J.: 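Below is a structure I'd like to ask you about.
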Amino acid sequence: MRDKRATRRATAFGSAGVLVTAILIAGAVTAPAASADTRHGQDREARGAAIAAAKAEKAGIDWQDCPDDWGLEKPIQCGYVTVPLDYAKPYGKQIKLAVDRIGNTGTKEERQGALIYNPGGPGGSGLRFPRRVTTKAPVWANTAKAYDFVGFDPRGVGHSAPISCADPQEFVKAPKMDPVPDSEADKLAQRKLAREYAEGCYERSGAMLPHMTTPNTARDLDVIRAALGEKKLNFLGVSYGTYLGAVYGTLFPGHVRRMVVDSVVNPSREKIWYEANLDQDVAFEGRWKDWEDWVAANDAVFHLGDTRAEVQAKWLELRAAAKKSPIGGVVGPAELLGFFTGAPYYDSSWIPVATVFGKYFAGDTQALVDAAAPDLSDTAGNIASENGNAVYTAVECTDAKWPTSWKKWDRDNTKLHQNYPFLTWSNAWMNLPCATWPVKQQTPVNVKTGKGLPGVLIVQSERDAATPYGGAVELHKRFKGSRLITEKDAGSHGVTSLVNPCVNERVDAYLLTGKLDGADVTCGPHATPKP
């Protein structure tokens, strides 16, 4: 799932598409058998996906230098792939999806095709994936010899018919309430904001909302595969990208060549999406405590206390100060949580967050303001932030049925908050628009092994906050022949880009040769940050 960063609703559980009408002889295409809950509607969508893929395979992609404002340097190239808005109506309204690529760095003989990437979200852009080659990211050097690295903006994201639920500048600068309610009046105010947000999504993006689903993005992924000229898909999905991979593998099992899923969303229908978000709240509390233990162990550097209890007391003191009067006039409890959430998400945030935390208690409040306050001058960033949140909300709310009873939301989150206070209420408010969602909510795909699905490589840290460990275990059960690599005593979200030879070497071996270990593997943790 995506980087929630608390209350900014901004981007692990980050230009309008041109509309065209296409005509193809449907009888010339053989649709793949629907392997998930075969119904008449899904049969139509499977046929529509086959029609769109056949058209894309014929058309290919018109690769060009990337637009200057996309921030993608040569030799990365960009293009578009056309897909139906509604796969049940493959000749109806079309949207264009932005894609980019960089060629493999090895020889022609070493090339094994394209590796397509999704970074998560929902709402994250994958267009920066080819930059792992231009910036020479060392853990990807071997894989880059064999594969073109291909990224894309999923439907609704960035340059792929982007959706919106609010004015971006208003979205960023609007004052944020303390996520933890003090009264029923506070809860009522948050409920009103959530309902208004859902209404804004419908007003600004109503035509797209019914089609903003993970199954449709999986169909888009298959059309991109075809447009690339690939007979089978090589895929790397992180966070929400693992659920996209799980749904793709269920709908198109015979189209998968190699699939790596890293930091896994629990694919159980019972978990998508309401229960998955409650599970996050528990896991975040655990990883927050891990970070506090680390801060305490480094008290000589940060001076925040040499026990977890002392560090937590400093956190509560800071939170109370921000609630009494926003720090620097701009950092209240919501903004504070948005910044500090980075620590339980990613180990790479441990030192920066602890440094700002320590500076505050040493008398430097400006460091906290600089780190946590919204940047109203960053117009492009604010558009991306609002768009990412809109897609997150649209996909999670449309993918599955959510509780409509406020009593249930209130009861569940009040109970959780007692023992897991770090993220619970913030997470609830972020997802509450789904309780009053204005379009029909779907039934999630029953993720399972279908005919032709090869062994999938699953990578998961044991103490991941955003996608708790149970999700990897569940997908492992459902995808027969898969292998699970567990990074023990670690919890950074997104494992495959970290330096851990035990993990890196197995990911390389799988992508380069298809080799999986004979049994599941437990690796030691990657190096702990050292201030």
Side-chain angles (χ1 to χ4, degrees), residues 32 53 56-58 60-61 63 72 75-79 81 99-119 126-152 218 220-238 241-242 244-246 248-249 251-262 450-459 479 481-483 485 494-497 501-518 521:
E57 183 178 7
K58 186 177 180 180
I61 301 172
W63 295 109
L72 301 167
I76 299 170
Q77 295 178 302
C78 292
V81 174
V99 295
D100 68 345
R101 72 167 182 186
I102 192 167
N104 72 303
T105 61
T107 65
K108 184 178 179 181
E109 290 71 28
E110 287 177 294
R111 185 178 180 274
Q112 296 191 39
L115 177 64
I116 308 179
Y117 172 72
N118 180 270
L127 291 179
R128 296 186 71 77
F129 182 54
R131 299 198 74 244
R132 295 188 184 181
V133 178
T134 60
T135 59
K136 295 180 169 57
V139 300
W140 294 104
N142 292 330
T143 301
K145 290 179 182 178
Y147 291 95
D148 305 344
F149 277 20
V150 175
F152 72 105
D220 293 344
L221 186 55
D222 200 58
V223 177
I224 292 170
R225 171 201 61 77
L228 290 165
E230 300 286 318
K231 295 301 180 186
K232 294 199 173 186
L233 177 76
N234 303 296
F235 180 71
L236 170 62
V238 182
T242 67
L244 175 59
Y248 182 92
L251 297 180
F252 303 98
H255 292 190
V256 178
R257 180 176 180 266
R258 309 257 164 88
M259 181 179 287
V260 179
V261 287
D262 170 6
K451 184 178 179 181
L453 183 71
V456 170
L457 183 60
I458 302 170
V459 186
F479 273 2
S482 62
R483 286 289 178 267
I485 299 175
V495 178
T496 50
S497 284
C502 178
V503 175
N504 305 142
E505 290 167 9
R506 286 175 167 84
V507 172
D508 276 352
Y510 173 72
L511 288 173
L512 295 175
T513 70
K515 177 182 178 290
L516 289 169
D517 285 279
V521 175

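Computation of the quantities below employed the complete heavy-atom set of this structure, encompassing side-chain atoms and omitting hydrogens, waters and symmetry-equivalent molecules. Please read these numbers as outputs of a predicted model, since none were measured by experiment.
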J.: Kindly give the heavy-atom pair with the smallest separation between Pro454 and Pro253, and that separation in Å.
T.: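 Closest pair (atom of Pro454, atom of Pro253, distance): CD-O, 4.0 Å.
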
J.: Atom CZ in Arg506, atom CG in Leu457: separation rounded to 0.5 Å?
T.: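 Answer for the CZ-CG pair, Arg506 versus Leu457, is 10.0 Å.
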
J.: Looking only at heavy atoms, which two atoms of Ala226 and Ala53 are closest? And how far apart?
T.: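 Heavy atoms only, the tightest pair is CB-O, 3.3 Å.
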
J.: Go through the steps to decide whether Asp220 and Phe152 satisfy the test side chain to side chain contact (heavy atoms under 4.5 Å, CB included), and finish with yes or no.
T.: CA-CA 10 Å; Asp220 293 344; Phe152 72 105; 5.6 Å; no

J.: Looking only at side chains, do Thr143 and Asp508 share a donor and an acceptor under 3.5 Å apart?
T.: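 Distance-only check passes for Thr143 and Asp508.
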
J.: For the pair Phe149 and Trp140, name the ring-plane relationship: parallel under 30°, tilted 30 to 60°, perpendicular over 60°.
T.: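 Plane angle over 60°, so perpendicular.
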
J.: Distance only, no hydrogens: is a donor on one side chain within 3.5 Å (strictly under) of an acceptor on the other, for Arg132 and Tyr117?
T.: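 A pair is found: one side chain offers a donor N or O, the other an acceptor, under 3.5 Å apart.
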
J.: Could you give the distance from CD (Gln112) to OG1 (Thr513), rounded to the nearest 0.5 Å?
T.: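 One finds 8.5 Å between CD of Gln112 and OG1 of Thr513.
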
J.: Pick one: which of Ile61, Asp100, Val99 meets side-chain contact (heavy atoms from CB on, under 4.5 Å) with Cys78?
T.: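 Testing Cys78 for a side-chain contact (heavy atoms from CB on, under 4.5 Å) against Ile61, Asp100, Val99 leaves exactly one candidate, Asp100.
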
J.: Do the non-hydrogen side-chain atoms of Tyr248 and Asp222 ever get within less than 4.5 Å of each other?
T.: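 Side-chain contact under 4.5 Å: yes.
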
J.: About how many Å separate CE of Met259 and NZ of Lys232, when rounded to the nearest 0.5 Å?
T.: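 These two atoms lie 12.0 Å from each other.
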
J.: Does any non-hydrogen side-chain atom of Asn118 lie less than 4.5 Å from one of Val238?
T.: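 Side chain of Val238 against side chain of Asn118, heavy atoms only: no contact under 4.5 Å found.
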
J.: If you round to the nearest 0.5 Å, how far is CG of Asn104 from CD of Glu110?
T.: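 So the gap between those two atoms works out to 7.5 Å.
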
J.: Would you confirm whether Arg483, through its side chain, and Gly518, through its main-chain N or O, come within 3.5 Å as a donor-acceptor pair?
T.: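 Answer holds: yes.
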
J.: For residues Gly103 and Asp148, report the shortest heavy-atom separation together with the two atoms involved.
T.: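 Distance-wise, the nearest heavy atoms are CA-OD1, 3.5 Å.
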
J.: How long is the straight-line distance from CG of Leu233 back to CG of Leu221, given to the nearest 0.5 Å?
T.: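 If I round to the nearest 0.5 Å, the distance is 5.0 Å.
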
J.: Which distance, rounded to the nearest 0.5 Å, do you find between the CZ of Phe235 and the CD1 of Ile116?
T.: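 So the CZ of Phe235 and the CD1 of Ile116 are separated by 8.0 Å.
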
J.: Val223 versus Val81: any side-chain heavy-atom pair under 4.5 Å?
T.: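 They are in side-chain contact.
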
J.: Looking only at non-hydrogen atoms, find the nearest pair between Leu228 and Ala114 and report the distance.
T.: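 Looks like CD1-CB, 4.1 Å.
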
J.: Do the side chains of Arg111 and Glu230 get close enough for a salt bridge, i.e. N-O under 4.0 angstrom?
T.: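 Between Glu230 and Arg111 there is a salt bridge, with a charged N closer than 4.0 Å to a carboxylate O.
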
J.: Verify the distance criterion only: is there a donor paired with an acceptor across the side chains of Arg258 and Asn234 at less than 3.5 Å?
T.: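 Their side chains do not contain a donor-acceptor pair, so the 3.5 Å distance test is not met.
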
J.: Any side-chain heavy atom of Val261 sitting closer than 4.5 Å to one from Ser482?
T.: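 Val261 does not reach Ser482 side chain to side chain.
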
J.: Mind running side chain to side chain contact (heavy atoms under 4.5 Å, CB included) on Arg225 and Phe252 for me, showing each step along the way?
T.: CA-CA 12 Å; Arg225 171 201 61 77; Phe252 303 98; over 6 Å; no

J.: Taking all non-hydrogen atoms of both residues, which atom of Val256 and which atom of Gly249 are closest, and how far apart?
T.: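 Scanning both residues completely, I find the closest heavy atoms to be CG2-CA, 4.3 Å.
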
J.: Could you tell me whether the side chain of Asn504 and the main chain of Val139 form a donor-acceptor pair under 3.5 Å?
T.: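 Answer holds: no.
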
J.: So Arg131 and Leu72, do their side chains get closer than 4.5 Å, heavy atoms only?
T.: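 Yes, close enough: below the 4.5 Å cut-off.
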
J.: Could you pull out the closest heavy-atom pair between Ala218 and Leu251, with the gap in Å?
T.: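 In this case the closest contact between Ala218 and Leu251 is CB-CD1, 4.3 Å.
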
J.: Do Tyr510 and Leu516 have side chains that get closer than 4.5 Å, going by heavy atoms?
T.: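 Counting from C-beta outward, Tyr510 and Leu516 do come under 4.5 Å.
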
J.: Treating Tyr147 as the side-chain partner and Leu511 as the backbone partner, does any N or O pair qualify as donor plus acceptor under 3.5 Å?
T.: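 At least one qualifying donor-acceptor pair exists.
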
